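This is a predicted model, so every value here is computed, not measured.
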Amino acid sequence: MAFSNQSNLLIPRRVARRVLLLLLGLVLAPAAVFGQADTTGARLRLRFDVSTLQLVEPAVFRAPWLGAPARPADAVVRAWDSAWAQRAAQADRERRTQYRLLAIYGPGAVAPAEVEPDAPERRGLLGISERYADLDLEGQARLEIRTDRLRNERCTSAALLDPNSGCRGNFKAPRIDNEFSILAGGLIGRRFHIDVDYDSQREFNANNNIQVYYQGLQDEIVQRVDVGTVTFQPPPSRFITAAIPSNNFGINALFEIGPVQIQTLAATQKGSVVGERIYTIGQTTSQPQDRQQRDLDFEAGRFFWVVDPINLPGYPSIDILNTSQLSVPNDFVPEDILIYRYRPRQGNTVIDENLDGINAFATIPGSTGGIGARWELLLQGTDYYLDPSGLWFALGTKLSTDNDFLAVSYVTRSGTRVGTQPRQDRGFGPNNEFLDTLSVVVRPQTGSQEPIFRHEMRQIYRIAGTDLDRSSLRVELSLNRSERPL
């Protein structure tokens, strides 16, 4: 029995027409576009959002300090050959030893090679691996807690209001002082070096060494950069002397571009290294010192004349240490001298430092005006030193030339009275006038044309303390080098 099946495929006319038109367009479209290429200039470009292949420089070449020190190629080859030869010789010796033991004692006598465990990695400061920071640190620190007590036995009612005057005699709040020293040296990474030698108890900060520097490779432009204590090293030249300051604090950099070396320095001088010291050895060991002072560096606010020195014989060439040899008329020799000080209030302060002073009116020589105020009576031997001649005196504390006034009152040998010499405050008269008078010798901001300008001595200089050997002192005057005060 046989079966047969036949089926007819019918396509509508509308669909057949569309298919034929589509096939005809696909055949004719390329030719039409190609024919219009010369007239329209149109182009068809297809782009895909895919990055092209790029060459990336390894990180070790972008950061040379991460690599090993630069060495010549022949040195690298020799080092590699030497290391390989040593390892090969050691392996050959071990193999011969194993073969000899196998031949003598048999297979059971040879033990397998023991694998040594990896040694623990060494760590340095603060637990940091020595591969990153190899530093050595040594130092010590000390804390001191102290307090002191100041008691002022000569208090005034105004000083009682000042908590720092010492009239209450209480202990001050404790103060904490710290002293420490440190020695540090080592390497960070492969290029940064640290060298620190600091001690807070040293007399001069210039003796402390704080240095951090970067050391470049042989073929780098930046050869070295120092931060901290730096030293300028000029090239050898007969035009540059040895008096170049060293031990400066700042930044110093050295660059090398081919055969040219460039050095830059930006620093502040902290001191110079003393290359030579001279001592005199005898009954005692002494060191000579040379000191230069300008003519305007005199000891200001300490030494004053009681009288106007223009009336003294030989002025201005007067030796104040030998005033007893001067032939001074009795009208100008003072006796029974009293000295007074007046300190005006400054700013918005409410404390009057002359609260217990003496009310008096001080006249200004060469002027019709004066100063009426409360004057503090100074004590001889405590507040000032009076020369036996009575012509001049020296204050124990330097006078403030911008604020303080000084006045005197005395009687001359001939009986002439300058001021009323008040020792206690007598208040005011019935018409609110001053009952006592003084004579001003120091007034702030006094010009050289005024007579009281001559009362202050400007020929005394401080050169040393009580340890000075006067016989070893030598003074040299250099003229035509004076400076005008500011």
Asks: Please give me the minimum heavy-atom distance between Gly447 and Phe453, naming the atom from each residue.
Replies: O-CB, 3.3 Å
Asks: Is it the case that more than 12 heavy atoms not belonging to Gln201 sit under 6.0 Å from its CD atom?
Replies: yes
Asks: Test your reading of the model: is there a side-chain donor-acceptor pair from Ser200 to the backbone of Phe180, 3.5 Å cut-off?
Replies: yes
Asks: So which atom in Val306 and which in Val408 form the shortest heavy-atom distance, rounded to 0.1 Å?
Replies: O-CG2, 4.1 Å
Asks: State whether a side-chain donor-acceptor pair under 3.5 Å links Gln211 with Thr229.
Replies: no
Asks: With a 4.0 Å cut-off, would you call Arg78 and Asp81 a salt bridge?
Replies: no
Asks: Can you establish whether the number of heavy atoms outside Glu138 located under 6.0 Å from its atom CD is more than 12?
Replies: no
Asks: What distance do Ile262 atom CD1 and Leu254 atom CG have between them, rounded to the nearest 0.5 Å?
Replies: 9.5 Å
Asks: Tell me if a side-chain donor or acceptor on Asp195 pairs with a main-chain N or O of Gly185 at a distance below 3.5 Å.
Replies: no
Asks: Can you measure from CD (Gln263) to CD (Gln223) and round to the nearest 0.5 angstrom?
Replies: 12.0 Å
Asks: Could you go through Gln459 and Ile320, starting from their C-alpha distance and side-chain angles, then the distance that decides it, and tell me whether this counts as side chain to side chain contact (heavy atoms under 4.5 Å, CB included)?
Replies: CA-CA 10 Å; Gln459 75 276 15; Ile320 64 174; 3.9 Å; yes
Asks: Considering all heavy atoms of both residues, which atom of Arg191 and which atom of Leu217 are nearest to each other, and what is their separation?
Replies: NH2-CD2, 2.7 Å
Asks: Report yes or no: does Glu456 contribute a side-chain atom to a donor-acceptor pair with the main-chain N or O of Gly301 at less than 3.5 Å?
Replies: yes
Asks: Let me know which of Tyr385, Phe393, Tyr384 forms a ring-ring contact (aromatic ring centres under 6.0 Å, His included) with Phe304.
Replies: Phe393
Asks: Would you check, one step at a time, whether the test side chain to side chain contact (heavy atoms under 4.5 Å, CB included) holds for Glu299 with Lys398?
Replies: CA-CA 9 Å; Glu299 187 74 7; Lys398 183 179 294 187; 4.0 Å; yes
Asks: Give me the ring orientation class for His193 and Tyr213: parallel if the planes are under 30° apart, tilted from 30 to 60°, perpendicular past 60°.
Replies: parallel
Asks: Should we count CZ of Arg149 as having more than 12 external heavy atoms under 6.0 Å?
Replies: yes
Asks: Do other residues, nucleotides or ligands put more than 12 heavy atoms under 6.0 Å from Ile221 CD1?
Replies: no
Asks: According to the interplanar angle, ranging from 0 to 90°, do the rings of Phe298 and Tyr461 count as parallel (below 30°), tilted (30 to 60°) or perpendicular (above 60°)?
Replies: perpendicular
Asks: Specify the closest pair of heavy atoms between Glu450 and Thr446, including all atoms of both residues, with the distance to one decimal.
Replies: OE1-CG2, 3.5 Å
Asks: Assess whether side chain to side chain contact (heavy atoms under 4.5 Å, CB included) is satisfied between Ile339 and Gln380, documenting all intermediate values.
Replies: CA-CA 9 Å; Ile339 301 176; Gln380 183 178 354; over 6 Å; no
Asks: So does Asp148 pair up with Arg146, basic N to acidic O under 4.0 Å?
Replies: no
Asks: Checking side chain to side chain contact (heavy atoms under 4.5 Å, CB included) for the pair Val212/Ile188: CA distance, chi angles, key distance, verdict?
Replies: CA-CA 10 Å; Val212 179; Ile188 297 179; over 6 Å; no
Asks: At their closest point, which heavy atom of Ile145 faces which heavy atom of Pro174, and how far apart are they?
Replies: CG2-CB, 4.0 Å
Asks: Salt bridge between Arg341 and Glu376, side-chain N to carboxylate O under 4.0 Å?
Replies: yes
Asks: Working to the nearest 0.5 angstrom, can you tell me the gap between Leu391 CG and Asp308 CG?
Replies: 12.0 Å
Asks: Check step by step if ring pair (Phe, Tyr, Trp, His ring centres under 6.0 Å) holds for Phe405 and Tyr340.
Replies: CA-CA 8 Å; Phe405 293 78; Tyr340 306 84; over 10 Å; no
Asks: When rounded to the nearest 0.5 angstrom, what distance separates CG in Asn209 from CG in Asp199?
Replies: 13.0 Å
Asks: Minimum heavy-atom separation for Ala253 to Phe255, with atom names?
Replies: CB-CE1, 3.6 Å
Asks: Knowing that exactly one of Leu406, Asp383, Val442, Asp404 qualifies, which makes a side chain to side chain contact (heavy atoms under 4.5 Å, CB included) with Leu395?
Replies: Leu406
Asks: Working to the nearest 0.5 Å, report the span between CD1 of Ile176 and CD of Glu144.
Replies: 11.0 Å
